[in-house]
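Just below is one structure, and these are the notes that go with it.
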Amino acid sequence: MTAALHEMGVAALGRALAEREVSSAELVEHSLGRIEAQHGLGAFLHVASASALEQACAIDARRASGEALGPLAGVPIAHKDIFVTAGMPSTAGSKMLDGYSSPFDATVVARLSAAGTINLGKLNCDEFAMGSANENSAFGPVKNPWDPSRVPGGSSGGSAAAVAARLLPATTGTDTGGSIRQPASFSGITGIKPTYGVCSRWGMVAFASSLDQAGPLARSAEDCALLLSAMSGFDPRDATSAERPPQDFHAMMLEGRAGATASRPLSGLRIGLPREFFPAALDADVNGALRAALAEFEKLGASLVDVSLPRTELSIPVYYIIAPAEASSNLSRFDGVKFGHRAAHFTDLAEMYAKTRAEGFGAEVKRRIMIGTYVLSHGYYDAYYLQAQKLRRMIADDFQQCFRQCDLIAGPVAPSVAWKIGAQDDDPVAAYLADIFTLPASLAGLPGMSIPAGFGEGSMPVGLQLIGNYFAEGALLHAAHAFQQATDFHLCSPEVAQ
């Protein structure tokens, strides 16, 4: 092997496994050693050492017998602890589910297992996926591998930090309002949120049902394409699942554009730049990195087009009405009756409900439940929730106007690089405002991804966001792959990963 195992991504490891240059058991042991050495990052909530080695040995035996295996067979991954997994804790980062073990696997988990991936365990996340910094976990914050005094982004912070620190090549995450793209940006890796409905939500602990969507986080667009191909597809158990045939996103990523050349693989691609995505308030270091990355896209043959998403600022109040409203409904099931935490001392049923929820939920979850309950209450439903849904449709319409002028949309993922841990403890609204560039695509149900595009203040990573039209994951991955073939930002790693 010419490179250390932890420096190799999913695609490279898949090839090495197929050529018998390394065994899956060796990969798992190497990853487990790195996870133990970097325990202080707080990325893992549960490490499944014994079962992972058992799975790896089984894959190695199948490969030795001559069985043809797919590109993910034997590759170690881990899952955000928002996906339920049989035989492992499934906590959603909450005290409310501390000690809970699901009797079944989420569809995303089951499909990746069927593809041969090895599950090394469960990853830390903001409680019930509510947060932008991974500071809201009941089990402690996750630290950014680039600077342990900073946040890794949230809510999929454990997933992003694990990949950035080279503990393993890929992870799963979920994105409700930017929770794959923002931690990918803050942690210097690649992450994609597919179109709403592309990945099944069955077995994913619900936050906001009309927004939640699963996706992969990995080193590169190619790695993400391989994982997304395996984890996506129609699921009859999920009423919101898109009824579409299986997609080979890796093949789509490699398809050449008409008229393209080796030096200009993006010839003819129109990339829209919404003026609202580049406000004066955008940090100068982020703006500089993004402008340099966009210039690289032009060298690759793409043309930049000025467009407008006039309701961008409205996405924050719209999201923080709709998402808490759905959370209020979804989290009502956690009452201490059937599963999860139950208060130890109470005198009647009402007191049991109150004490259980007061003890089990953290501050941010309580805040969102209260907001959601308020906007759904009699006299306020029409004034808040109904109006937010109308604005949501208008935000989606704005995107369709843009896509008449361009093929993809580009912009920042967040207004700044990762902030210091605890910097926003006293001002939760500041964290809400940091989601301004990721929320519009989430509200519209569009696919979006973050790719490493440079570095800003404190040598912290900056991500470029790419947004496509519905089911345009192939176009997103193709553009991202072309950029990554011409740059090396996605290959950079923090000192802790060396």
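It should be emphasised that the depicted structure is a prediction, and the values quoted were computed from it without experimental measurement.
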N/O donor-acceptor pair under 3.5 Å between S267 side chain and A260 backbone: no
Exercise: do H250 and E222 side chains pair donor with acceptor under 3.5 Å: yes
D427 atom CG, over 12 foreign heavy atoms within 6.0 Å: yes
Side-chain donor/acceptor of S328 to backbone N/O of G372, under 3.5 Å: no
Q182 and S450 side chains, donor-acceptor separation under 3.5 Å: no
Residues L266, F483; criterion side chain to side chain contact (heavy atoms under 4.5 Å, CB included); working and verdict: CA-CA 9 Å; L266 300 182; F483 178 79; 5.8 Å; no
Residue Y385 excluded, over 12 heavy atoms near OH under 6.0 Å: yes
Over 12 non-hydrogen atoms of neighbours within 6.0 angstrom of NZ in K143: no
From L97, I369, N136, residue fulfilling side chain to side chain contact (heavy atoms under 4.5 Å, CB included) relative to F128: L97
NZ/NE/NH1/NH2 to OD/OE distance under 4.0 Å, D147 and K420: yes
Single hit among S132, S442, S315 for side-chain hydrogen bond (donor to acceptor under 3.5 Å, both in side chains) with D435: S132
Evaluation steps, salt bridge (Lys or Arg N to Asp or Glu O under 4.0 Å), between R150 and E457: CA-CA 12 Å; R150 298 179 187 250; E457 179 263 328; 3.0 Å; yes
Salt bridge K193-D175, side-chain N to carboxylate O under 4.0 Å: no
R275 bridged to D306 by N-O distance under 4.0 Å: no
